[in-house]
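These notes are about the structure you will find just below.
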Amino acid sequence: MAVNMKGKSLVSINDLTLEEIYQIFDVSKTLKEKKLTGESHKILDGKTLGMIFAKPSTRTRISFETGIYQLGGIGMYFGPNDLQLGKSENIHDTAKVLSRYLDGIMIRTFAHKDVVDLAHYSSIPVINGLTDLLHPCQVLTDLFTILEKRRTFSGLKFAYLGDGNNMAHSLLHGCSKVGLDLAISTPSGYKPNEQIVKNAMKNAKYMGSKVEIIDDPVEAVKNADIVYTDVWASMGQESEASERRNHFMNYQVNSDLVKNAKEDYLFMHCLPAHRGDEVTDEVADSLNSIIFDEAENRLHVQKAVMALVM
Ligand code: CP
Ligand code: NVA
């Protein structure tokens with residue numbers, strides 16, 4: 001039976017029930033089919049999505065904006081200098097005012113608490129388009145893409161290599177929620193948030209799956225069905241890039257490392273990729289790589305999220 005998600009914000013995938021997650025996957029599949037067959041699906045006719053970006057974006061911006069148009073609504077982009085927010089107006093007042101004009105808000109910003117507060121004070125749904133802590137739209141898309149390719153999560157091993165960052169955190173939430181075995185391997189000093197790891201282990205226990213934090217990247221990738229990585233220096237950490245490169249080099253996803261994964265492993269990356277750092281061209285452009293299918297699915301999955309919550 002359909003779960004009513006109207007009015008619900010998406011701040012973290014951890015806030016969603018398993019039923020809600022699978023409903024998003026079902027609607028994503030339907031909307032993807034309609035897009036491919038050219039069948040009209042203007043289910044958000046006349047609705048307006050405000051899109052607030054404090055950081056740059058290619059995929060999130062374009063997939064949300066084109067997505068809301070395809071659903072019959074319109075998207076309004078606000079860049080870092082467009083709103084009074086953060087300058088002469090606080091989050092509370094911004095949330096109250098935007099709720100009088102818009103039907104939904106998508107926000108990409110630095111502090112996670114700003115998105116939590118915006119969702120708290122808004123009477124319209126708020127969708128997290130990435131914070132320093134989490135990236136829920138990406139992990140929903142990643143899981144949907146794995147289901148498309150492999151039909152199931154059960155019995156699969158997902159290996160994440162690199163920084164214990166927003167992607168690592170959302171993958172901890174997402175994989176453990178759906179019962180996908182996850183191995184995370186990061187250099188010491190770059191481990192994921194302990195609370196999020198603990199919570200993921202609790203979720204995994206409930207689902208009968210595993211979450212492992214493994215120091216050795218070779219061990220983490222051993223027999224993996226999915227190998228995933230992300231940039232070593234995230235947006236806002238650009239000045240640390242060269243120092244980080246020294247610490248992360250053993251975690252590079254290259255041809256040698258992926259020999260330890262299953263032969264038909266899938267290579268995934270949220271993109272943008274810093275080729276030559278966290279992943280080599282050889283892996284990113286190999287037949288195992290599904291990075292562009294993954295990027296495309298941002299569109300279909302976010303349309304599903306908007307259709308359900310707006
Ligand atoms: N993966 C992702 O969110 O990409 P953008 O930063 O280009 O939006
Ligand atoms: N960890 C990266 C993800 C980009 C989609 C960042 O925050 O920059």
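For ligands, and for the atoms within them, numbers begin at 1 and follow the listed sequence.
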Pairs where residues 146-162 contributes a residue and the test salt bridge (charged side-chain N to carboxylate O under 4.0 Å, His left out) is met, not counting sequence neighbours:
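Output for this query lists K32-E148, K149-D293, R150-D264.
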
Using the test salt bridge (Lys or Arg N to Asp or Glu O under 4.0 Å), find all partners of D114 that sit at least two apart in sequence or belong to another chain.
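In terms of salt bridge (Lys or Arg N to Asp or Glu O under 4.0 Å), with neighbours along the sequence ignored, D114 is linked to no residue.
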
Check the pair I52 / L98 against side chain to side chain contact (heavy atoms under 4.5 Å, CB included), numbers first and verdict last.
CA-CA 11 Å; I52 304 173; L98 294 187; 4.0 Å; yes

If you count heavy atoms of other groups shown closer than 6.0 angstrom to [atom1] of [X], is the number above 12?
| X | atom1 | value |
| --- | --- | --- |
| E33 | CD | yes |
| K87 | NZ | yes |
| E238 | CD | yes |

Ring-face cation contact, Y190 with R244, 6.0 Å cut, 45° max:
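R244 over Y190 ring: no.
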
Within 45 degrees of the ring normal and closer than 6.0 Å to the centroid, is that where the cationic atom of K96 sits relative to Y121?
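Verdict for Y121: no cation-pi partner in K96.
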
At a heavy-atom distance under 4.0 Å, which protein residues reach ligand 1? Sort them by chain and number, would you?
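Lining ligand 1 at under 4.0 Å, by heavy atoms, one finds S57, T58, R59, T60, R108, H135, Q138, C270, L271, R298.
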
Quick one: do F153 and I146 satisfy side chain to side chain contact (heavy atoms under 4.5 Å, CB included)? Show the steps, please.
CA-CA 8 Å; F153 298 124; I146 292 167; 4.0 Å; yes

Quick one: ligand 2 N/O to protein N/O pairs below 3.5 Å?
from: ligand 2; atom 1: 1 (N); to: N165; atom 2: ND2; distance (Å): 3.4
from: ligand 2; atom 1: 1 (N); to: N166; atom 2: OD1; distance (Å): 2.8
from: ligand 2; atom 1: 1 (N); to: D230; atom 2: OD2; distance (Å): 2.6
from: ligand 2; atom 1: 1 (N); to: S234; atom 2: OG; distance (Å): 2.7
from: ligand 2; atom 1: 7 (O); to: N166; atom 2: ND2; distance (Å): 2.8
from: ligand 2; atom 1: 7 (O); to: S234; atom 2: OG; distance (Å): 3.4
from: ligand 2; atom 1: 8 (O); to: M235; atom 2: N; distance (Å): 2.8

